[in-house]
Amino acid sequence: MTLSVYNTLTQQKEIFEPHNPENIKMYVCGPTVYNYIHIGNARPAVVFDTLFRVLKHHFPKVTYARNITDVDDKINKAAHEQGVDIRVISDKFAQAYRDDINQLNVLAPDIEPRATENIDQMINMIERLIEKGFAYAAEGHVLFNVKSYEKYGELSKRSLDDMLAGARVEVAPYKQYAGDFVLWKPSTDDVPGWESPWGTGRPGWHIECSAMIERHLGTTIDIHGGGQDLTFPHHENEIAQSTCAHDGETYVKYWMHNGYITIQNKESSSQEKMSKSLGNFITVRELLENIPGEVIRFALLSAHYRSQLNWSLDLIEQAYTALDRLYTALRDVPINTESDDKVSDSFIAALDDDLNTPKAIAELHNLAKQINKTTSGAEKQTLAAQLLKSASLLGLLTHEPESWFKSRGNQTSDGLSDEAIEALIQERVDAKKNKDFARSDQIRDELKAQGIELEDTREGTRWQRA
RNA sequence: GGCGCGAUAGCAAAAUGGUUAUGCUGCGGAUUGCAAAUCCGCCGAUGCCGGUUCGAUUCCGGCUCGCGCCUCCA
């Protein structure tokens with residue numbers, strides 16, 4: 001097994017060499033919980049969940065932490081508008097997040113730290129940074145002295161001069177240097193605050209991940225993941241803080257960033273990044289009203305995680321069709337759950353190559369084709385077991401094939417009952433027996449009009465909801 | 001202005017210095033009472049201009065177009 005991953009830090013694929021092979025440490029930036037997540041937010045959850053599965057396949061122990069950011073001015077704003085405590089907002093949307101991605105077959109992480117439960121760790125870390133001369137307090141703020149860390153900009157490939165050239169950095173009187181970023185800021189009475197050596201205040205955004213990784217995973221972790229837009233400033237700042245607080249020890253061995261989900265702009269018909277600030281997003285919750293979670297997951301994995309993925313109706317339909325094909329191959333094949341089924345070699349090789357999910361999916365199709373082709377029942381079973389086991393690494397093919405086709409991934413249906421359908425099918429079987437093809441076809445057409453498709457096989461007639 | 005990413009057939013999307021991606025769609029065939037599903041076959045591709053090479057979609061340079069980051073953002 002040779003797993004390699006693309007490291008944003010070195011801008012190339014590298015062979016994955018764990019810090020400690022006995023316990024792989026992975027951390028992914030989770031959501032700020034002030035709203036329902038959109039499909040773009042779901043991509044890192046699904047992508048790194050897939051990586052989590054692959055790592056678990058290869059290593060005896062993987063510790064995966066994915067945080068919940070529950071200290072944020074957007075949460076404060078929502079809480080203020082609704083006249084409730086921030087905890088009401090953050091609890092609600094943290095749970096909504098879990099529910100949504102659970103439907104996308106995303107496994108729970110081992111640790112789900114929350115910012116509010118780690119304030120003391122953050123304060124402690126900030127104090128150490130001040131002691132070591134990397135941060136300074138001013139007017140109730142604490143700022144990180146960017147110039148004190150010579151490698152600042154290493155991750156995002158930019159120099160301090162370049163960054164300030166954009167002149168979009170917030171200039172403030174308490175800053176020694178315009179590029180310095182906030183570790184701690186003061187809170188007024190109408191905003192949540194915690195006691196600190198610098199007065200009542202709240203943490204800046206970046207410190208939480210550094211502090212939570214330090215507490216839950218240790219000084220050096222293997223993989224840190226997130227969306228591409230976190231590379232700068234978030235992850236760049238994390239590196240600066242953690243490296244300085246730990247006297248230069250490596251913070252993260254492999255930085256991994258997923259590409260954006262884009263969506264067609266209705267007016268310009270060009271593709272643009274889906275984001276909350278642009279307001280062009282589709283929530284996972286909306287999608288789940290009509291589409292099985294597994295279809296959404298398949299769509300997200302149908303492109304390589306680092307490339308941009310344009311969300312469209314066509315994409316969803318293609319994902320649906322592809323899953324139908326895979327489930328069709330499994331239909332009527334008795335599954336031997338006791339077999340020591342193996343993941344296909346070419347399949348795992350694809351995933352080991354920087355999580356090449358499109359290629360891995362192509363391998364699933366190859367397995368399906370072999371299942372369809374072979375006339376040997378035993379071989380069918382072996383291949384089907386292989387297909388299932390392989391797909392499980394992608395978090396796919398989790399339904400029973402029959403229920404997949406009949407209940408459509410547990411989508412509620414308000415049409416004909418299963419019993420009514422079966423009765424009509426029986427009537428059609430009788431008509432066919434009497435060579436009454438007119439009646440037989442009429443029944444098929446009527447069912448089709450109600451979204452029920454029939455299929456005559458040697459073993460009898462089977463059906464599915466369209 | 002600075003920095004980065006991308007451009008593959010009708011669509012989506014991999015890979016590769018010379019040999020089938022894969023799925024969907026289209027066309028033909030097998031199968032079917034007719035369909036559906038399945039199988040077989042076919043059509044069809046590497047943005048533009050140079051360079052390196054026996055040979056480039058693949059490596060290098062330039063160009064064009066698209067996207068993104070530099071500010072909250074997955």
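Below, chain A is the first sequence line, B the second, and so on; all start at residue 1.
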Quiz item: So, is the end of the A/Arg158 side chain (NZ or CZ) under 6.0 Å from the ring centre of A/Phe232 and within 45° of the ring's axis?
Solution: yes

Quiz prompt | C1' atoms of B/rA7 and B/rA12, separation to the nearest Å | solution = 15 Å

Practice problem: Select one nucleotide: of B/rC69, B/rA74, B/rG23, the one nearest the side-chain heavy atoms of A/Pro44. | Solution: B/rA74

Exercise. For the residue pair A/Tyr27 and A/Asn67, confirm or rule out a side-chain donor-acceptor distance under 3.5 Å.
Key: yes

Self-check item: Pair A/Asp441 + A/Arg444, salt bridge at N-O below 4.0 Å
Solution: yes

Practice problem: Identify whether the distance between the nearest side-chain nitrogen and carboxylate oxygen of A/Arg428 and A/Asp436 falls below 4.0 Å. | Solution: no

Quiz item: Taking atom C1' in both B/rG47 and B/rA9, what distance in whole Å separates the two?
Solution: 14 Å

Nucleotide N/O of nucleotides 4-7 of chain B paired with protein N/O under 3.5 Å:
none

Practice problem: Provide the distance between the two C1' atoms, one in B/rG44 and one in B/rC49, to the nearest whole Å. | Solution: 26 Å

Practice problem: Remember a base hit wins even if backbone is also touched, and classify A/Ser270 as base, sugar-phosphate or nothing at under 4.0 Å, heavy atoms. | Solution: sugar-phosphate

Exercise. Classify the nucleic acid contact of A/Ser307 as base, sugar-phosphate or nothing, counting any heavy atom under 4.0 Å across all strands shown.
Key: sugar-phosphate

Quiz item: What orientation do A/Phe144 and A/Phe181 show, parallel under 30°, tilted 30 to 60°, or perpendicular over 60°?
Solution: parallel

Quiz item: Can you find a side chain N or O atom of A/Lys273 that sits less than 4.0 Å from OP1 or OP2 on B/rC69?
Solution: yes

Quiz item: Any donor-acceptor pair under 3.5 Å joining the side chain of A/Asp441 to the base of B/rG33?
Solution: yes

Quiz item: Going by an N to O cut-off under 4.0 Å, is there a salt bridge joining A/Arg114 and A/Asp91?
Solution: yes

Self-check item: Presence of A/Arg439 side-chain N/O under 4.0 Å of B/rC34 phosphate oxygens OP1/OP2
Solution: no

Quiz item: Does A/Asn258 make a side-chain N or O approach to OP1 or OP2 of B/rA74 shorter than 4.0 Å?
Solution: no

Quiz prompt | Euclidean distance, atom CD of residue A/Gln370 to atom C1' of B/rC39 [Å, nearest integer] | solution = 14 Å

Exercise. Ignoring hydrogens and angles, state whether a donor on the side chain of A/Gln386 or A/Ser344 is under 3.5 Å from an acceptor on the partner side chain.
Key: no

Quiz item: Quick one: is B/rG23 close enough that its OP1 or OP2 comes under 4.0 Å of any side-chain N or O from A/Arg325?
Solution: yes

Self-check item: Residue-phosphate contact under 4.0 Å: A/Lys373 side-chain N/O, B/rC40 OP1/OP2
Solution: yes

Practice problem: Could you check which residues of residues 343-361 of chain A get a heavy atom under 4.0 Å from RNA chain B? Sort them by number, please. | Solution: A/Asn356, A/Pro358, A/Lys359

Exercise. Rounded to whole angstrom, note down the P distance from B/rC40 over to B/rU57.
Key: 30 Å

Exercise. Check the side chains of A/Glu294 and A/Tyr327 for a donor-acceptor pair under 3.5 angstrom, ignoring hydrogens and angles.
Key: yes

Quiz item: For residues A/Asp314 and A/Gln318, is any side-chain donor paired with an opposing acceptor at under 3.5 Å?
Solution: yes

Exercise. Please determine if a side-chain N or O atom of A/Arg458 lies less than 4.0 Å away from the OP1 or OP2 oxygen of B/rU38.
Key: no

Self-check item: Check: A/Asn280 side chain, A/Ser275 main-chain N or O, donor-acceptor pair, under 3.5 Å
Solution: yes

Practice problem: Determine the contact category for A/Ser275: base if any of its heavy atoms lies under 4.0 Å from a base atom, sugar-phosphate if only primed atoms, P, OP1 or OP2 are that close, otherwise nothing. | Solution: base

Exercise. Mind checking A/Leu454 for me? I need base, sugar-phosphate or nothing, with any heavy atom below 4.0 Å counting as a touch.
Key: base

Quiz item: Using the P atom in both, what is the distance from B/rA36 to B/rC43, to the nearest Å?
Solution: 24 Å

Quiz item: Does B/rG33 have OP1 or OP2 sitting under 4.0 Å from an N or O in the side chain of A/Lys433?
Solution: no

